[in-house]
Amino acid sequence: CLPLVLLNAMSKGLPIVTTTAYGCAEAIEEGVTGYTCPPLNPKALAEKIELATKDYTKSWEMAAKAQRKFNEQFAKEHNSKRFMEVFENK
């Protein structure tokens with residue numbers, strides 16, 4: 001189950017720094033669609049936040065990739081088609 005705040009950030013094309021807990025690592029690919037760190041590790045989280053704020057260009061490029069991934073995999077239009085395919089094949 002993905003946190004809604006993560007999906008909202010992806011849908012809006014915002015830079016993302018998240019932990020790898022609760023399925024976040026499946027949605028965010030480290031260094032590609034955002035930054036990830038282990039849960040309960042404030043030092044690692046601070047390091048990733050620092051990376052995100054030091055290179056704004058890269059952060060916004062990753063945000064755009066995360067937004068595309070959201071639209072391709074998590075948007076309601078995509079998922080409603082997938083649900084219908086599952087139910088129609090029963």
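Side chains are part of it too, since the values below use all heavy atoms of this structure and drop only hydrogens, waters and symmetry mates.
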- Looking only at heavy atoms, which two atoms of V32 and K65 are closest? And how far apart? O-CD, 3.4 Å
- Query: So if you build clusters from Ile, Leu, Val, Met, Phe, Trp, Tyr with side-chain heavy-atom gaps below 4.5 Å, do Y22 and L6 land together?
  - Reply: no
- Task: State, to 0.1 Å, how close G23 and L2 come at their nearest heavy-atom pair, and which atoms those are.
- Result: O-CD2, 3.0 Å
- Task: Mark yes or no for whether Q67, through its side chain, and S11, through its backbone, hold a donor-acceptor pair below 3.5 Å.
- Result: yes
- Query: Taking the side chain from K48 and the backbone from T18, do they hold a donor-acceptor pair closer than 3.5 Å?
  - Reply: no
- Message: With side chain to side chain contact (heavy atoms under 4.5 Å, CB included) as the test, pick out the partner of Y35 among E50, E47, M62.
- Response: M62
- Query: Is there a chain of hydrophobic side chains (I, L, V, M, F, W, Y, each step under 4.5 Å between heavy atoms) that links F74 to V5?
  - Reply: no
- A27 and T33: which non-hydrogen atoms are nearest, and at how many Å? O-OG1, 3.9 Å
- Contact check, side chains of W60 and L14, non-hydrogen atoms, under 4.5 Å: yes
- Is any side-chain heavy atom of I28 less than 4.5 Å from a side-chain heavy atom of M10? yes
- Item | ILVMFWY network linking L4 to I16, side-chain heavy atoms under 4.5 angstrom | yes
- Sidechain-backbone polar pair: S59 side chain, A52 backbone, donor-acceptor under 3.5 Å: yes
- Item | Residues R68 and E72 bridged, charged N to O under 4.0 Å | no
- Message: So which atom in C37 and which in A44 form the shortest heavy-atom distance, rounded to 0.1 Å?
- Response: CB-CB, 3.9 Å
